[in-house]
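Lettering of chains follows the sequences in order, A, B, ..., and the numbering in each one begins at 1.
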There are 4 protein chains.
Amino acid sequence: MHPQVYSLTLAGTGNRRLQAASPMNFPARHLTLPELGIRFRATRAASIAVAAGLDAEDCALQSMPDASPVKWHLAHTTWFFETMVLERFARSHSPLRAEFREFYNSYYNVVGEQFPRAQRGLISRPGLEEVLAYRRHVDAAMDSLLSEPSLDYEALKLIELGLNHEQQHQELMVTDLKHLLSLNPFSPAYRQAKKELPAKAPALTWKAFDCALVEIGHSGIGFSFDNELPRHRQFLEPFELASRPATAGEYLAFVQDGGYARPELWLSEGWQTVQAQKWASPLYWRRIDGQWQEFTLHGLRPLDPARPVVHLSHYEADAYARWADARLPTEFEWERAAADEPVTGNFAEAGMLHPTPSPDGPMSALFGDVWEWTSSSYAAYPGFKTATGAVGEYNGKFMANQYVLRGGSCLTPQAHIRATYRNFFPSSARWQFSGLRLARDAL
Amino acid sequence: MHPQVYSLTLAGTGNRRLQAASPMNFPARHLTLPELGIRFRATRAASIAVAAGLDAEDCALQSMPDASPVKWHLAHTTWFFETMVLERFARSHSPLRAEFREFYNSYYNVVGEQFPRAQRGLISRPGLEEVLAYRRHVDAAMDSLLSEPSLDYEALKLIELGLNHEQQHQELMVTDLKHLLSLNPFSPAYRQAKKELPAKAPALTWKAFDCALVEIGHSGIGFSFDNELPRHRQFLEPFELASRPATAGEYLAFVQDGGYARPELWLSEGWQTVQAQKWASPLYWRRIDGQWQEFTLHGLRPLDPARPVVHLSHYEADAYARWADARLPTEFEWERAAADEPVTGNFAEAGMLHPTPSPDGPMSALFGDVWEWTSSSYAAYPGFKTATGAVGEYNGKFMANQYVLRGGSCLTPQAHIRATYRNFFPSSARWQFSGLRLARDAL
Amino acid sequence: MHPQVYSLTLAGTGNRRLQAASPMNFPARHLTLPELGIRFRATRAASIAVAAGLDAEDCALQSMPDASPVKWHLAHTTWFFETMVLERFARSHSPLRAEFREFYNSYYNVVGEQFPRAQRGLISRPGLEEVLAYRRHVDAAMDSLLSEPSLDYEALKLIELGLNHEQQHQELMVTDLKHLLSLNPFSPAYRQAKKELPAKAPALTWKAFDCALVEIGHSGIGFSFDNELPRHRQFLEPFELASRPATAGEYLAFVQDGGYARPELWLSEGWQTVQAQKWASPLYWRRIDGQWQEFTLHGLRPLDPARPVVHLSHYEADAYARWADARLPTEFEWERAAADEPVTGNFAEAGMLHPTPSPDGPMSALFGDVWEWTSSSYAAYPGFKTATGAVGEYNGKFMANQYVLRGGSCLTPQAHIRATYRNFFPSSARWQFSGLRLARDAL
Amino acid sequence: MHPQVYSLTLAGTGNRRLQAASPMNFPARHLTLPELGIRFRATRAASIAVAAGLDAEDCALQSMPDASPVKWHLAHTTWFFETMVLERFARSHSPLRAEFREFYNSYYNVVGEQFPRAQRGLISRPGLEEVLAYRRHVDAAMDSLLSEPSLDYEALKLIELGLNHEQQHQELMVTDLKHLLSLNPFSPAYRQAKKELPAKAPALTWKAFDCALVEIGHSGIGFSFDNELPRHRQFLEPFELASRPATAGEYLAFVQDGGYARPELWLSEGWQTVQAQKWASPLYWRRIDGQWQEFTLHGLRPLDPARPVVHLSHYEADAYARWADARLPTEFEWERAAADEPVTGNFAEAGMLHPTPSPDGPMSALFGDVWEWTSSSYAAYPGFKTATGAVGEYNGKFMANQYVLRGGSCLTPQAHIRATYRNFFPSSARWQFSGLRLARDAL
């Protein structure tokens, strides 16, 4: 017995790859320098806006090794431009403090030693004011650089990478802060909630997809991270995808059906985690005087069953799907469905700071609201090559024992996301805005 | 931009799956009861042969939570037949000791509570003699059952599953024992080595495979585990596969090139593990007075560079491949290459107890010698369904944060392995007979 | 054989105890209310002075579970007055925030639940400003109370206890802050150093004490903690005590003699700790470019061999003494020697923030500079009784596996210390200003 | 104020110590060689008797790092004679296996490296048979040595020390085995119980002791360990001591009164341990179907309220005493009371293997039945000196964070115990036969 090899006619490609791997496949070259300057200033300002209204103490603390203080994020994103761009491309650059080169390095071994991640919250000085001065110092140098008549293509690419990097940290700043505030017995709010009309979740329907050979990965137009490359082909057996993310109300039914006490619903590792961590609900749910409350960025609020469930680990998403007689989609199934959808939804710009009820329709809220866990382990695409130098450490070295999430969340800047975007976290991570959308096999 | 969906003509299937999932897809029905009886006795005897010559103390100890005492393996495989077969299908069955039902359950939540795995080595009684008596008691009852004129199809399937389960534990008994003996400062041997002629490893060559849509998974003839099902299709981009496993000599070059001290060669998690565990070579290599020695089942011996390297974690296999400017194959690539190869090689029956130098040829030693790590995370095939009842816990619940190994080892019974067979372990596991075969992308 | 019981004539006591235990043996009754008010305001102001010049981030962070944030100390000492005094004795008291009752409880089980100690540094709000407001709120209420024409004796005693409690926390604030700043790669200073003339340590001489039956413990005049009571008798065999604390220079000789690499010098537990923690010098010593530096509250400075060695664990003090062919004194030997000495020395009021070279003389620097480890396990004196209520948890429940230190340090307020004062920490604690004075047996 | 120094007339000693420290203060010199030979053979045979009836697996396993396998005890006590005596004093000695020198070293740094204690249960070979051969090999060499016409005094002393060392391990073998068997879900018995008549515990009465200056420590006649030296003086305030150990029935009342749920009864460290370890009763008590059972060396039996409570940690003994409005005695108080009592009681020779109800009388069962926790931290006596060489590591280096137990247990050989004997364990240890006797202050 052996696998049958099908006879295929693949128009246009013959037996060749679609695309050579190119870890720097983004087109800063086509941006004019003035345009890049405008984006630089806007992105940097958006980070400051995230921290607006927080006091120095909110910005200094670290609630767990996976999280970082807000002021660390503000400094590290600045470090990226200083170390990756100014050191190499500025005519002359005098650092504000030379020690920051090591201190604000996150994980780039090529750049040198790193300050231990778990101790970022043990550093009171530099304080927030000095970090903001550091930002201004680097921003001024970058302004000069961006005012040059022309720039090396490599520099342009690194600046664009730096802006996308900063957008990632804008989301992390808020997820990390939420975790910190959640440990505070006084349940403080990050921001006041906007007025919202009460809404109901639309009924869940299924959209069917035939079996097909599809192209997966970024096509080469516009920015992408290296892990979205190269574009290649995947064969998908027939499947169906839910019209919207699972809601808090649906997940509550799972909880109330004993979901956290039934080992047969869980992966073995998930069940061990449930017992060791004493999980009994999503991360920020609290049962208070018989009522379910949820800690949000607006403080503690009654659980709203109409909104997408959020702050699930991969284990919980998987167990819920099994309970619902379904499964998580693969990242390829998700990408196939998303390829035809507009990139609209509840993003950071809306300032909602929490998932909102999904619109009605055959396929809604793929983008925004909650990152959707997939069943796909985070792995290299066929033909993937890491870049040389520090940026080669951006994504590839994390391709082990993590799972892919797709679609962005209510904290993701809209311009940051796309159908091919791959986020990834370990199975046990819950502090990101992570939810799920069900899939199931079709005949 | 969106993924292009190719127009395909898939002869014979249309848009349907190849095969519905069937977690019990094996043909015990076609074995005659006398044939099954012969296989039962032979397989049970093979387990006893593994323990021959060991004393009670060798069989009682547990060297780490991942391993189990030999006598536990002997009892647990017996428990499987008692609990899964005799309890349900024997006309009457009086257990030797009723308490064994809980005590020798490994991880089946449906069956009931389990004795904690990490404490299996803390139990002196029942001793080896009583365990052997337990085996004889159950064997006698099984003999009666197998002498019936006919048996329920479900019983036949569970017996065949039990025999395959027992073969798995035959390998584990020896890998677990090797780990135990390796901690003994006197480096004792399990068995005396057979005479072998010195040999050299053949030159490594590459076999090219065009891009193709291939069928993956078990076809439904003969026994398979549920995780090999259902047979389905995968599209593979063009790749090349090494003609033989990597050798100890090749791996030594990696070690001597500073492989364990260069973070750029490692996955981030792998690098953390190297540093935390102070890894500097494969598990059983020892540097003694300037010479590399290897602890084997024959005791400590000079490292033989011609043999396949063995006892690597997934992290090490991955780092070595990166150093060699190659990568690990996916399990689908591996299966595609193996589908045309005969299932021959250095298996348990040869009694070598260690990998032997690979034969020359375009594709050798895919089977036997060492389990070959793939880059594939252990996951369900499209359409996978777990069985109901206890056997549904056999494989599916472990599909998280483990990686697939293929091909069997020098400790695997030959009749146990096949091209579609999927073994799986966590990235950090090193005590199995795990090695690797290189792959690389083709254009 | 049996212990010979000596025939004694104990003038005045017969066969009775010297003193009944009285855990509240302090004389607030003899202070006038105005006097107590003056002391209250002075002590509270001294705490604020400690934090002067620190920014909110310095005050918010927690460097390890044993330490607390500065702002926590500021709030907890306030909580003491609110919970122990105002709740019970104020005519009416409206708390600033009722939740503080639980939040700022350190370890009083009788008062109720406590916020987990190790998480005190995960709380950004209330911030420093709100904590200062809390202090002002309680101070105002205390001012009212202290303006009453008379107060219950129990209230007076609790206020005096609260002031002594606050003085303890004044020292802890600085030791905890020092530990935090020491982890900062930029080695920041808490305060600028005062001008000091260079000085040498005087030669070490020995003072001999004959065997004697002596009285130990507080005599009942003036404030003491309950653990200094009751006054009782101890028989001391003849001994000699060093004239001054061991110096950094002497300790450096121990380091250079391989002190941290010779197991025969260490208690078994100490040796395990040295190896597990990789200790090779006192906590804040650093070997930089071949020179010994010491992190101090003035930042990093060259190690000064003339000053008392400081920041030793009990294990290190014990090993050093063994190396020096001596031993640590018992707390009774120490108290016997100290009973005749004036309570003068380098205290917090001097603002030196570091030990200074000892004066010459037969017995110098018993008080101030460094806490001196004794060989005495922290235990109850014969006849000790804990108080009822919350203050009963002040000292007694810590009488296990800790060792006694005597004499106060350069961070201790002078009015806080006396010859009978017993401080205590676990054997491995190093972040306090702990040093040692040698003793040896005499014939 | 200062401690008053009493004017004393200490007949005969003036201001001198009673005794210089002499860590080898035992009189093997006065034993004839034939007598020592008889004792050697009897003691060695007693160890073999302990293991009689156990199978190889019982002797091979290690249940926790604090415990050791029976066969390790059998080998280590043999190693002591080989390394301490034969290597130095035998005319010629060829070791059975030279590797045993390191392998069976427990903790003597001077002798060389030690095999890690926690891994003693991971060694299947040498098996029990080889260990017994090792014993015979060393015994034969010792027989030759003991047949010499005369022996060096140092050799005599080391042989006597070795015999006392072996007696200690005879007790440990059984306590360690009991712990191992206790983890076995089948609750196996080590030995069958002897017939006993039912008995009641006598009423608890108090014996009063006046304040006194007493001599403590071994007087120099007969064998003692170095930690019992030098004999010196302690002043004791008046106290009372209970007539017998606390019983299981009395302790049960503490349990039923919520003893394990009331923090005010516990030392802070003890309370943390209770919560972390989820202690709710003594180590081997089990609540089964509403009845209290106790795991004993005869298997599981109904709890007998008349027998002394056993297998308490120091924390539990201390909490029970506080609940009973009493306290633990100091080791000096205990020794004062014991000095006049005969060394009789329920010892190993009786073969009871469990405490028996105490006889009636004003002071009973001080010796045998259960080791009695004292409130004294294990510390050096004034003037204590460690011996040079390996035997100097016997006791002194453990004088930190352990508490003293007195009197021996039902597993202690009678000839091994005396009024000055000091046993010591950490506060949390429970697997020894440890109980308590109450004390209280008198006026």
Q) Hey, which residues of residues 258-275 of chain C are touching chain D, say heavy atoms under 4.5 Å apart? A)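 Interface residues of residues 258-275 of chain C: C:Pro263, C:Trp266, C:Leu267, C:Ser268, C:Glu269.
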
Q: Can you measure from CG (D:Asp318) to CE (C:Met399) and round to the nearest 0.5 angstrom?
A: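 Taking CG in D:Asp318 and CE in C:Met399, the distance rounds to 11.0 Å.
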
Q. Between CG of D:Asn401 and OH of C:Tyr403, what distance do you get to the nearest 0.5 Å?
A.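 The CG atom of D:Asn401 sits 4.5 Å away from the OH atom of C:Tyr403.
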
Q | Beyond-backbone contact of C:Cys211 with D:Arg233, side-chain heavy atoms, under 4.5 angstrom | A |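 In contact.
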
Contact part of [X] toward chain C, heavy-atom cut-off under 4.5 Å: side chain, backbone, both or neither?
| X | answer |
| --- | --- |
| D:Ala379 | neither |
| D:Ala442 | backbone |
| D:Phe239 | neither |

(Q) Using a 4.5 angstrom heavy-atom cutoff, name the option from C:Ala400, C:Pro382, C:Pro426 with the most pairs to chain D. (A)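 If we count pairs closer than 4.5 Å to chain D, C:Ala400 comes out on top.
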
**Q.** Pick from C:Gln234, C:His232, C:His314 with the largest number of heavy-atom pairs that fall under 4.5 Å of chain D
**A.**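 The option with the most such pairs is C:His232.
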
Q: List for me each residue that meets side chain to side chain contact (heavy atoms under 4.5 Å, CB included) alongside C:Gln119, sequence neighbours excluded, and say none if there are none.
A: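 Side chain to side chain contact (heavy atoms under 4.5 Å, CB included) list for C:Gln119, sorted by chain: C:Phe115, C:Pro116, C:Leu122.
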
(Q) Among residues at least two apart in sequence or on other chains, which ones pass side chain to side chain contact (heavy atoms under 4.5 Å, CB included) with D:Ala337? (A)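 D:Ala337 satisfies side chain to side chain contact (heavy atoms under 4.5 Å, CB included) with D:Phe209, D:Leu241 once adjacent residues are dropped.
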
(Q) Sub-4.5 Å heavy-atom contacts with chain C: which residues of residues 322-331 of chain D show up? (A)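 Contacts with chain C: none.
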
